[in-house]
Every structure is written in C-alpha cells, then in structure tokens.
There are 2 protein chains.
Amino acid sequence: MAKKTVASTESTAARSGRRERRDVRREAAVDAAFFLAEREGVAGLSMRRLGQELDVDAAGLYRLFRDKDELLLAMAERTIAMILDEMGEVTEGEPWQDTLRRIAEGTWQVQTRHPAITVLTFARTTGGPAEQRMVELILSAFARSGLAPDQAVLHYRTYVDTALGLCAHSAALNSLDPDVREKDDTIWTRIYARLPEAAHPVTRSHIDELTRVTQKAIYDTAVEAILAATERAGAEHRNASS
Amino acid sequence: MAKKTVASTESTAARSGRRERRDVRREAAVDAAFFLAEREGVAGLSMRRLGQELDVDAAGLYRLFRDKDELLLAMAERTIAMILDEMGEVTEGEPWQDTLRRIAEGTWQVQTRHPAITVLTFARTTGGPAEQRMVELILSAFARSGLAPDQAVLHYRTYVDTALGLCAHSAALNSLDPDVREKDDTIWTRIYARLPEAAHPVTRSHIDELTRVTQKAIYDTAVEAILAATERAGAEHRNASS
DNA sequence: ACACCGTTGTCAACGGTGTTGTCATTTCTT
DNA sequence: AAGAAATGACAACACCGTTGACAACGGTGT
C-alpha cells in the first residue's frame, strides 16, 4: 500500500499522506517552540518569533494550529509524554505509593527543564492520548490503595492538583524576568532579615532556615503528606468495612 | 538635608502632604484595578483600560506606578490585607491547627472573589506590611506546633506554597476565556466518558466521581493532609527529645 | 503680585503581540 | 496537461506596555 496508483482508496490515501506531512510539520513546530521557550522564557514564545525560528512567516503557523492556544495544548501533551517516558514502566506488584512517587519525581524533572511551558499550561486539560494514559496510570494507583471510588478520586485529584500547583509555583519563580527575580529573591535578606524583633520575633528567629529551604524539599514534603493521608483514609475504610 | 530651600519643616510638611495625596490616588487606582480585573478578567486588566476606567490617560498611571508590575504587587499586598481582614484575630490559646485552617479558608474566599489577581501574583513576594504580618502569623502557628526551627519552616513553606498553588490552579480555571473554559470543562464528558473500557478501565469505572469532585474539596483535603503531616513530625520530634 | 518649580494631564509614537484576509506560487491528484 | 489543494508572503487590524515631549495647574519664596 505504498502511495500512488490504486483507484478507490486513492483520495483517502492521498489525504492521509497530507495529514501525515502536516503532523510532521506540527511536531517540528512544537520542537522549535520548546527550544524557543527554553531559551527566551515565557514572554519570548510568540508566534512571530516561532515563525522566525522556523524560517516561516508567522501567519503560516495558523495553518498548523487554529490559534496559539492549540499550540500550547500540543506542547502540554508532549510534556505529559515526556513524563511518561521519564518514569518508565510500572512493574507488576509495585506498591502504589512508589508508582506515585516516581510520577511525582518525573513531573518535577520535566517541570524544571521546561518552566515556561509549565506556567502556560498547568491548569489546562489536553484530552490527548498521553494525558489519557497518565490519568489511567495515576487513577489505578489510587484504586490499588483500597479506597472507595469517591475517596480514590478525591485523593487522586488532590495529588495531581497539588503536584501541578507546586510545579507551577516553582516554574513561575524560575521564569520571571531576571531583574524581577532578583528583586523578589533578595526581599528575604533585604526586608525580612531586617525586621524589628519586637513586632516580628518568630520571623527573625527563623530567618536562616527561611532562606535555606528549597522548592524541591517543599514539593517532596507535600507529596509525602498526601500519600500518608491516602494511606490513613484507606486504613479507616478497611476498618469500617470489616 | 532636605533639598534646596532652608525652611526645614515647611518642605517636609509639603512633601508629606503630596505623598499622602499620591498615596490616595494610588489606592484609588488599585480600587479601580480590582474592579476592572473582576469584571474583565485577567486579559482585560491593561493600563489603557485602567486609565479609561479612571478617566485618565494611561500614561498618567506611570506617575503612580513605575510599571505594571508595581501595580500588580500593590494589588497582591491588598489581597493579603483582605485575607487578614477576613479571618479576624487570633484568640489566646487557639490551637495552631485552627489558626491555619482559618487562614486557609480566608485565602480561598479571597481567591474565589479575585481569581485574576490570584493568577497574576500567586508566585510573587511583596515584602509589604500585610505580607510581613501574614508571615509572622503563619510562622508562629507552626512554631507553636512544637517543631524544631528547620522543620517548622519546611512545613510552613509546604503549607503556604501548596495553598497558593491550589488557589492559583482553581483561579486559573475560573478565569479562562469562557469558550476555552467550556472546551476544557466538557473534555471529561466528551472524551473521558467515551474511552474504550479495554484500554482505560479504571478511568471509565470512576467517571461519575471524576466529574463530581469540587476544587474546594480538593483544597480542604490538601490542607488537612499537611496539617496531619505537621502533627506527625511534631510527635516524632517530641519522642526523639524525651 | 510675580516668577518659579514640581506635579499632573494629554498626545503621539515605538516596538511588540495574536490574528485575519488576500493573492500568488508551489505541489499533488486526476 | 489541467485543476484543485496546500503553502508561502505581505499587509493590515486592534490591541498591548512604555517613553518622551509639551502644556496646564498649583503651591512657595521673594
């Protein structure tokens, strides 16, 4: 079934051939968009610059994507695919906690590599195949925890939204304009380290620890807190039904 | 010394008078900005429209704020003041968990009233007086939990960043353009409810619960999970030091 | 009262953004 | 070879944040 000749299937084959090529160009555009966003930050990812990067007029991109939002969703979908790629397979009999830990770790790694895309898409739903796989993966981990469906879903969403929210928080910090970032960073040493002890005693006595805590430690603590809450809810559920 | 003229008290009085009037105009501008952001959404809050709202040329706003970022920080500062206002005083002997629950609740209420500002400022630090008060308030609650300083700070930041991340997540959902919001919302019924059961059994069997869970329930679950984690860490600390 | 000077308001402009429409050119199918 | 579909190039629209120049106003010092 190569490409040409044969009567009836010709039009569909031709059309699918074009579709394929269109998809290839879409993928190339998403590639360039990732490169651009990583290099120039969230404000540098514009349709004109993306066209410039691809040596194509910006208007031509609207033949590939209905609007910029569709491009962003394509980038979000690929981000999820990267996380799936990063974490590898779920081995038979792996504790559900470890599955969720590995997903959380992969999400964090990808977020660190692509903060701009994280900021732009962390509250969106793509509905694409990678997202579908991810939903099934995480949700079945929570189902394995032994919770009733409504509690499983509640903790699933708590896990996902918390992870996304914290990743977006960190990504937003990491993708501020350098001067603004500097300004925000130094507030702890410029302002909070010099507060009068009388009015702000606790802040002053914790100032060293405040400047030392890392975003990753915060993320890990939050993930573990939610896993522990899920375990507790599962234990209560089993006690109640026995 | 003052500036040029010799009469010392006069110039400072005049200057403080001008400063006061300038601050009044700043406050009025922030008022209008809140009104505008609430009415027109995150994309509708522009300097030109804000000028239009105040019957002033947009360029005049740059006499009040160095740039748009400074306006946003002023709005963030006022947002924190609203939360402090909403939660009232900390009564003597109130359990630290309840203090943190009331702060979390106030934050959520203000976020739902002003989603646009939440999205625009959730990862920023103002360094202003309201923020200073809020830091001291939350941090002293965690100090009351009996944790060592480094653990207290770690859980303080986990609490704050998780709450901000989840509020920003919800706010971002609530301030999408209506058509995009509709598109994202219906993905669960358009896509996920129709997935083939063979490849996505768990998603299909939890579809009803997935469409029913609310952002507020997720938020409350996350906050309680972190409070529980803090309690556990405190208990371990007390056991270790006894 | 007058001149002065800092503050305020107005206007135009620059370079940037997402997006649309038009028209010519290329590419592929029949 | 002819016709249709896809692609590319260019200009344009309506916005955006921000800056500079310039006119009008108001209180101050002489």
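Every chain is numbered from 1 and lettered A, B, ... according to where its sequence line falls, protein lines coming before strand lines. We use all heavy atoms of the structure for the numbers below, so side chains are in, but hydrogens, waters and symmetry mates are not.
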Enclosure of B:R133 CZ (heavy-atom neighbours >12, cutoff 6.0 Å): no

B:R204 CZ: over 12 foreign heavy atoms closer than 6.0 Å: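 More than 12 heavy atoms, drawn from other residues, nucleotides or ligands, come within 6.0 Å of this atom.
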
Exercise: do B:E105 and B:Q109 side chains pair donor with acceptor under 3.5 Å: yes

Could you tell me how far apart [X] ([atom1]) and [N] ([atom2]) are, to the nearest whole angstrom?
{"X": "A:L64", "N": "C:dT20", "atom1": "CG", "atom2": "P", "answer": "15 Å"}
{"X": "A:R26", "N": "D:dT7", "atom1": "CZ", "atom2": "P", "answer": "13 Å"}
{"X": "A:L72", "N": "C:dT19", "atom1": "CG", "atom2": "C1'", "answer": "15 Å"}
{"X": "B:L71", "N": "D:dT18", "atom1": "CG", "atom2": "P", "answer": "10 Å"}
{"X": "A:K68", "N": "D:dC15", "atom1": "NZ", "atom2": "P", "answer": "19 Å"}
{"X": "A:D179", "N": "D:dG17", "atom1": "CG", "atom2": "P", "answer": "17 Å"}
{"X": "A:Y62", "N": "C:dT17", "atom1": "OH", "atom2": "P", "answer": "11 Å"}
{"X": "B:E70", "N": "D:dT18", "atom1": "CD", "atom2": "C1'", "answer": "14 Å"}

Exercise: identify the closest heavy-atom pair between B:I138 and B:L100: CG2-CD2, 3.8 Å

Heavy-atom side-chain contact between B:I117 and B:R78 under 4.5 Å: no

Residues in contact with DNA chain D, drawn from residues 50-61 of chain A - heavy-atom cutoff 4.0 Å: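 By residue number: A:D57, A:A59.
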
Qualifying residue, where the test is side chain to side chain contact (heavy atoms under 4.5 Å, CB included) with A:L120 and the options are A:D69, A:L73, A:L72: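 For A:L120, the side chain to side chain contact (heavy atoms under 4.5 Å, CB included) check succeeds only for A:L72.
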
Bracket notation of DNA chain D in which parentheses pair within the strand, [ ] cross earlier pairs, and | pairs with another strand (Watson-Crick or G-U, under 3.5 Å): ||||||||||||||||||||||||||||||

N/O donor-acceptor pair, side chain A:R48 with base C:dG16, under 3.5 angstrom: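 Checked by distance alone, the answer is no.
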
Distance (rounded to the nearest 0.5 Å) between B:K216 NZ and B:T112 OG1: 8.5 Å

Given C:dT8, C:dG18, D:dT7, the nucleotide with the shortest approach to the side chain of B:R25: C:dT8

Nearest-nucleotide comparison on DNA chain C, the residue closer to the 5′ end among A:R63 and A:G44: A:G44

B:R21 side chain near C:dT7 phosphate (N/O to OP1/OP2, under 4.0 Å): no

A:R157 and B:E209 ion-paired at < 4.0 Å: no

Aromatic plane relationship, B:F122 with A:F122 - under 30° parallel, 30 to 60° tilted, over 60° perpendicular: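 Correct class here is parallel.
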
